[in-house]
Amino acid sequence: MKKTTKLLTMALAMIMAACTLTACGGGAGKGDTITFGTNAEFPPFEYVTSNGVIGEYDGIDMAIAKQIAEESGMTAAVENMEFDSLLVALQNGQIDAVIAGMTATDERRETVDFSTTYYTATQVMIVKEDSDIAAATDMADKKICVVQGYTGEICVQDMGYTYEAFKKGTEAVMELVNGKCDVVVIDSATAQKYVGDNEGLKIVEDAGAFESEEYAIAVQKGNTELLDKINKAIDKMLADGTINELAVKYTEEATAE
Ligand code: GLN
């Protein structure tokens, strides 16, 4: 009896040690793993699938994260969480970096450091095919849906419009499909994916109203060691066309369904 207890205690201790080493409890910065935080609800950049590039996670960002780790002789791990929690988790040290189609905004720059830009996007409007919305100002008297904490929410807020915020892009798009809202404001590549997946929707652009947005990877302020590794890998992937190829590959896959 006593022996069993002792064995159990030892086994537990070993499991706990293993957890710390592999970051399965979420400890970041251990050994040779880079733990990337993401919100896997943002195709074609990150989504959950049966057989992704990093475990169950796939998409442009996941392929980039994997390569960044490999270039640095390390392994990439992913922690999936709500978009709103990512920067807090980064500051707490629960994750080492955030790769989430995240726009490097001045406000976010106050709390974290960003890598080189790896993708440029813009906000667009998804509407029903027969919608009369042709410009951002046409949203004034419409029911607007956004995703909570995304730059799309900030844009609509800055325009002074009222809106409803959802936790997930798919939820906002379902409201539109079901006729409960008139327009969804969201990032361009993700909008393309949703329009490809749902009948009767189209994209309306307004370059005058929505500025271009630069996606970058966030690290803790002052973590130059990791930032240098990330930037070196991104520069290489931009120069040799890898990121372009990934964008084409995942955009085609995303809309071909
Ligand atoms: N680019 C947008 C932002 O930074 C949306 C990102 C996302 O949903 N993953 O807020």
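As a basis for the values below, the full set of heavy atoms in this structure was taken, side chains included, without hydrogen atoms, waters or symmetry mates. Atoms within a ligand are numbered from 1 in the order they appear, just like the ligands themselves.
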Matching residue for Glu214 among Thr117, Thr116, Thr120 - test: side-chain hydrogen bond (donor to acceptor under 3.5 Å, both in side chains): Thr117
Contact with ligand 1 for Phe45, non-hydrogen, under 4.0 angstrom: no
Starting from atom 9 (N) of ligand 1, which protein heavy atom do you reach first, and at what distance in Å? Ala100 O, 2.6 Å
Atom 6 (C) of ligand 1: closest protein heavy atom, distance to 0.1 Å, is Gly101 O, 3.2 Å
So with a 6.0 Å cut-off around NZ of Lys142, is the heavy-atom count from everything else above 12? yes
Record the part of Glu214 in heavy-atom contact with ligand 1 below 4.0 Å; permitted values are side chain, backbone, both and neither. neither
Taking atom 8 (O) of ligand 1 as the reference point, the nearest protein heavy atom with its distance: Tyr150 CZ, 2.6 Å
Which of the numbered atoms in ligand 1 are under 4.0 angstrom from any heavy atom belonging to Thr103? 1 (N), 2 (C), 3 (C), 4 (O)
Have Glu205 and Thr122 got a donor and an acceptor in their side chains that come within less than 3.5 Å? no
The closest protein heavy-atom partner of atom 10 (O) of ligand 1 is Thr151 N, 2.8 Å
Testing the 3.5 Å rule here: is there a donor-acceptor pair between the side chains of Glu153 and Gln148? no
Which residue and heavy atom of the protein sit nearest atom 1 (N) of ligand 1, plus the separation: Asp187 OD2, 2.6 Å
Could you tell me, atom by atom, which parts of ligand 1 come under 4.0 Å of a heavy atom of Tyr215? 1 (N)
Considering Arg108, Glu213, Glu153, Gln123, which one's heavy-atom position lies nearest to atom 4 (O) of ligand 1? Arg108
Heavy atoms of other groups near Glu70 CD, more than 12 under 6.0 Å: yes
Heavy atoms from other residues, nucleotides or ligands near CD of Gln157 exceed 12 (cutoff 6.0 Å): yes
Need the ligand 1 atom indices (1-based, order shown) with element for anything under 4.0 Å from a heavy-atom of Met102. 4 (O)
Parallel, tilted or perpendicular: ring planes of Phe45 versus Tyr119, cut at 30 and 60 degrees: perpendicular
Going by heavy atoms in the side chains, are Phe83 and Val147 under 4.5 Å from each other? no
Check Phe83 against ligand 1 and report side chain, backbone, both or neither, counting heavy atoms closer than 4.0 Å. side chain
